[in-house]
Q: 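Questions regarding the structure given below will be posed in turn.
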Amino acid sequence: MSSRGYAIGRVDGPVSPAQATTRPEDSVPESSRTDQAIVYVVDDEPSIRNSTKELVESVGLRVQTFATAQDFLGSERPDVPGCLVLDVRLPGLSGLDLQRELARMSNPVPIIFITGHGDIPMSVKAMKAGAVDFLAKPFRHQDLLDAIAHALERDRSDRRQRSELAELRGRHESLTPREREVMAFLVKGMLNKQVGAELAMTEPTVKFHRAHVMQKMKAGSMAELVQMAGKLMETVTEGGATWTSG
């Protein structure tokens with residue numbers, strides 16, 4: 001269960017004049033407030049869920065709250081940037097249990113852990129498993145808002161990379177089997193004549209396929225094509241397509 005009696009907005013130590021005049025919304029990038037990003041809050045204490053919701057909404061972000069990890073897992077999340085503010089100790093599945101469940105998914109949401117019971121080993125375990133931050137109760141409003149801004153930016157970056165990779169896979173899948181073979185040899189640094197010898201085709205035919213490969217992959221240079229091939233080889237291609245290594 002969550003600890004009781006802590007103040008989510010408590011400030012530890014004096015507040016500088018600059019901090020005192022800083023508006024909460026200034027701590028969150030404009031992009032986070034304009035791309036329909038969502039902050040999910042999972043805590044079994046109603047007062048904490050409500051106070052956190054009010055804080056996050058005060059900077060213009062959307063918020064969804066849940067009392068248990070199971071409730072969160074059973075919810076439908078829209079395909080927009082988001083992050084999860086998660087209590088470590090929960091009834092049923094714990095916060096760390098939920099972290100492991102989300103890690104099995106193809107696009108896990110960045111997690112900010114909060115706890116009144118945290119210790120160093122627990123914090124290290126959570127961070128090694130990919131948590132963005134680990135805040136001990138009580139914590140400052142600004143610390144949470146900063147962690148949320150960082151988590152949303154990470155999710156936005158991850159989504160952008162996944163989108164770019166999906167587009168790259170689509171280009172590769174548009175190649176014919178022969179074009180994939182030619183590409184596989186070209187990115188190894190082989191000359192047209194050498195590729196032709198490997199595939200038993202004339203040099204003009206290799207040039208023909210090479211031109212199609214460059215056009216379909218939208219590669220402006222051979223160096224760019226090599227970079228694309230490297231990205232394709234780093235991941236498992238979806239949709240049944242495979243990377244042909246030659």
Side-chain angles (χ1 to χ4, degrees), residues 2-3 6-88 90 95 98-99 102 105-116 118 126-127 130-164:
S2 300
S3 64
Y6 66 88
I8 190 172
R10 174 176 161 185
V11 177
D12 299 322
V15 179
S16 68
Q19 289 175 312
T21 58
T22 298
R23 299 176 302 170
E25 60 269 25
D26 292 336
S27 64
V28 177
E30 179 65 24
S31 59
S32 296
R33 302 195 297 271
T34 58
D35 62 6
Q36 299 300 304
I38 296 181
V39 177
Y40 304 98
V41 179
V42 181
D43 196 302
D44 61 318
E45 175 57 45
S47 64
I48 303 307
R49 292 199 304 273
N50 293 335
S51 61
T52 303
K53 184 174 187 292
E54 291 176 0
L55 170 65
V56 179
E57 287 181 337
S58 74
V59 297
L61 294 172
R62 293 193 295 166
V63 184
Q64 290 184 11
T65 63
F66 305 88
T68 69
Q70 292 91 327
D71 289 343
F72 175 77
L73 286 173
S75 67
E76 291 188 8
R77 284 183 280 147
D79 187 18
V80 298
C83 71
L84 174 59
V85 178
L86 177 62
D87 195 3
V88 170
L90 295 166
L98 178 56
Q99 183 185 35
L102 293 175
M105 299 181 179
S106 59
N107 55 342
V109 61
I111 297 175
I112 300 164
F113 275 109
I114 57 174
T115 182
M127 297 300 285
V132 174
D133 212 334
F134 195 101
L135 303 179
K137 305 168 185 175
F139 52 81
R140 301 189 331 139
H141 281 168
Q142 192 60 53
D143 290 338
L144 179 58
L145 292 177
D146 288 345
I148 288 173
H150 176 61
L152 290 176
E153 187 54 39
R154 173 190 285 190
D155 194 40
R156 192 174 293 106
S157 176
D158 289 345
R159 286 171 170 272
R160 183 165 53 249
Q161 290 179 14
R162 289 196 296 269
S163 176
E164 291 173 353

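Quantities reported herein were computed from a predicted structural model and do not represent experimental measurements. The first residue of the sequence shown is numbered 1, and numbering continues consecutively from there.
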Q: By side chain to side chain donor-acceptor pair (under 3.5 Å), which residues pair with Asp158, not counting sequence neighbours?
A: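 If we apply the side chain to side chain donor-acceptor pair (under 3.5 Å) test to Asp158, skipping adjacent residues, there are no hits.
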Q: Mind listing the closest non-hydrogen atom pair of Arg62 and Val80 along with its distance?
A: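 Smallest heavy-atom distance, with atoms named: NH2-CG2, 3.9 Å.
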Q: Using 4.0 Å as the upper bound for N to carboxylate O, is an ion pair formed by Asp87 and Arg49?
A: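 Salt bridge flag = no for Asp87 with Arg49.
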Q: Are the side chains of Leu98 and Leu84 in touch, meaning some heavy atoms are under 4.5 Å apart?
A: yes
Q: For Gln99 versus Ala131, what's the shortest heavy-atom pair and its separation?
A: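 Smallest heavy-atom distance, with atoms named: NE2-N, 3.6 Å.
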Q: Answer whether the closest heavy-atom distance between the side chains of Leu102 and Met105 falls below 4.5 Å.
A: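 The answer is yes; the side chains approach within 4.5 Å.
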Q: Sequence neighbours left out, what passes side chain to side chain donor-acceptor pair (under 3.5 Å) with Glu57? Give chain and number order.
A: Lys53
Q: Going by heavy atoms in the side chains, are Val59 and Ile148 under 4.5 Å from each other?
A: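 Sidechains of Ile148 and Val59: no contact.
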Q: Under a 4.5 Å cut-off applied to non-hydrogen side-chain atoms, are Ile114 and Asp133 in contact?
A: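 No; the side chains remain at least 4.5 Å from each other.
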Q: Taking C-beta and beyond as the side chain, do Ile112 and His150 meet within less than 4.5 Å on heavy atoms?
A: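 In short, these two side chains do not touch, never coming nearer than 4.5 Å.
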Q: Quick one: pull up CG in Asp79 and CD in Gln36 and give me the separation to the nearest 0.5 Å.
A: 12.5 Å
Q: Between Val42 and Leu90, does the side chain to side chain contact (heavy atoms under 4.5 Å, CB included) criterion hold? Intermediate values first, please.
A: CA-CA 9 Å; Val42 181; Leu90 295 166; 3.7 Å; yes
Q: Side chains of Leu86 and Tyr40, heavy atoms from C-beta outward: is any pair under 4.5 Å?
A: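 No, their side chains stay 4.5 Å or more apart.
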Q: A side-chain contact here means heavy atoms from C-beta on lying under 4.5 Å apart; do Cys83 and Val132 qualify?
A: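 No. Closest side-chain heavy atoms not under 4.5 Å.
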Q: We want to know whether Gln142 and Asp146 form a side-chain donor-acceptor pair, criterion being a heavy-atom distance below 3.5 angstrom.
A: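 Looking only at side-chain atoms, Asp146 and Gln142 do form a donor-acceptor pair, the distance falling under 3.5 Å.
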Q: Which residues pass the side-chain contact (heavy atoms from CB on, under 4.5 Å) test with Ser75, not counting sequence neighbours?
A: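 Partners of Ser75 under the side-chain contact (heavy atoms from CB on, under 4.5 Å) test: Phe66, Phe72, Arg77.
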